[in-house]
Amino acid sequence: MSAPEIASPAGRPPSLRRDLAVGLSLGLSLFWLLAMITAGFVVRHELEEIFDAALRQTAERILPLAVIEQINAEDAPTSRQISALGPPMTGQITYVLRGRDGRIALFSDDADLAVFAQPLAEGFHTVNDHRIYARSAVSGAYRIEVAEPFSYRREARLDTIGSMFLPLVLLLPASFFGIALFTRARLAPVAALSVEVAGRDASDLSPLTTPGLQLELEPIRTAVDRLMARLSRTLDAERSFTANAAHELRTPVAAVLAQTQRLVAEAPEGPLRQRAQGIEAELKRVARLAEKLLHLSRAEGGGVLADTASDMAPILSMVAEDFLRAGHGGRLRLTLPEGGASLRIDPDAFAILARNLIENALIHGDSAKPVEVTLAPDGGLTVSNAGPVIPPEVLSRLTARFERAGSISGGSGLGLAIAAAITRGTGATLTLTSPAPGRSDGFEARFRPAGRHASQ
């Protein structure tokens, strides 16, 4: 039978720290309450014995005095047969002295004669919410009955048990606070392990190094390390295959492209040349795809961070010049910071990033409107273009491989995936927005370096 699931508010998963703190606190409270209840029964029993013993001792002390008083009253012709004896007793104890015939001969000033309405045998009795002890003397000629109200006993019992519960009321909140601090301190390695695992991605699959893990957490870290090792080997094999395949394709594709271009030049006007030109276009697309695959392999393989910061403005200028020579210079609007923009990123990786973002804007944007490329002093790169608005559900998928957002243009579907991989490798952020900020249409890609990578 499976254990029941613990529901959590707002659909959030249950907190181990909260469950431990609440469970331990409730368990401690329950055990303390049971202990206090048990102690209350024990205290009640012991108090009853103590009060009964005190009542018996009181009766034994009063009995001789009461008998003497009664004998003197009988010898004195002016004495009354029934009289009060002394001031009221302390502790609300009252008594009566009976003769052999059972009639009351003496009684205390505050005695309630209704409580002593019937003669009682020797021993303890309970009458009208009073505890009564009866004792005979002078061969049964006299019998004293001493009574104590239960209200006095209840008051004493409540005072005693209340004094026991007072420390509990004061200590329980302190115990809850201590339990919360203890569980938080002992579960701190769990949070540290979670943070370390969450910070890993495909660019960093090295073994975890969280310190201070308890024995129960060591197998989890070991299992995660093994999983990341297997994932690393799988990714390495995939990247190696992609890089090798793309590299090996470049030479034969280039050779076939050269022969095709020669065929186009030599073929007469007509269907043959048109078919040759179609083959040439497809071979160029294959060549671009092989180049993109090499870029993707480089981006996902890590090593995109440099040891020192360098100025990215000249790199972006060279990339823009490449597009100028390719015939796209008229559409580019390049803005560079006067003081340069230093980043701790590999220059080749930044060039690949910029090239793919610009190429994506040129291919998928409105060909009649310019592409704005802006490099900020902190190294942030913004590329925006005009064009139709991209729906949010499509926008969220654009960094996936071979995702073209339904475009029929000649893109490979890898440009934004390459840019996203480089962004992850540098710890930066890549934000895609459509429509572009401040416009009713268009698309904007914004690369923002992490603070620790930017040079101030």
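- Summarising the local packing, CZ of R226 is surrounded by 12 or fewer heavy atoms from other residues, nucleotides or ligands at distances under 6.0 Å.
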Open item on the list: Determine whether R153 and D52 satisfy the following criterion, salt bridge (Lys or Arg N to Asp or Glu O under 4.0 Å), listing intermediate values before the conclusion.
Closed with: CA-CA 10 Å; R153 297 191 177 197; D52 284 348; 2.9 Å; yes
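- Of the charged side-chain nitrogens involved, at least one lies within less than 4.0 Å of a carboxylate oxygen, so that E48 and R157 count as a salt-bridged pair.
- In this structure, CG on L316 lies 5.5 Å from CG on L375, to the nearest 0.5 angstrom.
- Of the inter-residue distances, the one linking T210 atom OG1 with E218 atom CD reads 9.5 Å to the nearest 0.5 angstrom.
- When all heavy atoms are compared, the tightest approach of L120 to A134 is O-CB, 4.0 Å.
- The side-chain heavy atoms of R143 and L97, taken from C-beta on, include no pair separated by under 4.5 Å.
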Less than 3.5 Å apart, which donor and acceptor atoms pair up between the side chains of residues 29-40 and the rest of the protein, not counting sequence neighbours?
unit_1: S29; atom_1: OG; unit_2: S25; atom_2: O; d: 2.8
unit_1: T38; atom_1: OG1; unit_2: L34; atom_2: O; d: 2.9

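- A distance of 8.5 Å separates CG in N385 from OG in S434, rounded to the nearest 0.5 Å.
- Looking at L343 and D311, their side chains never come closer than 4.5 Å, going by heavy atoms from C-beta outward.
- The CD1 atom of I93 lies 11.0 Å from the NE2 atom of H130; values are rounded to the nearest 0.5 Å.
- Residues I345 and S310 come closest through the heavy atom pair O-OG, 4.2 Å.
- R355 and D348 are not joined by a salt bridge, as no carboxylate oxygen comes within less than 4.0 angstrom of a charged side-chain nitrogen.
- To the nearest 0.5 Å, atoms OG1 (T374) and CZ (R446) are separated by 9.0 Å.
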- [ ] Kindly indicate, with the supporting measurements, whether the criterion side chain to side chain contact (heavy atoms under 4.5 Å, CB included) is fulfilled by I161 and R44.
- [x] CA-CA 9 Å; I161 296 177; R44 178 179 180 179; 5.7 Å; no
Open item on the list: Would E148 and F51 count as a side chain to side chain contact (heavy atoms under 4.5 Å, CB included) here? Give the steps.
Closed with: CA-CA 9 Å; E148 181 183 50; F51 279 114; 3.8 Å; yes
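- Note that CG of L187 is 5.5 Å distant from CG of L20, once rounded to the nearest 0.5 Å.
- Scanning for ring-ring contact (aromatic ring centres under 6.0 Å, His included) contacts around Y133 gives F124, with sequence neighbours left out.
- Between S317 and L336, the shortest heavy-atom contact is OG-CD1, 3.1 Å.
- Judged by distance alone, the side chain of N356 and the main-chain N or O of I352 form a donor-acceptor pair under 3.5 Å.
- E196 and T209 form a side-chain donor-acceptor contact under 3.5 Å, judged by distance and modelled atom types alone.
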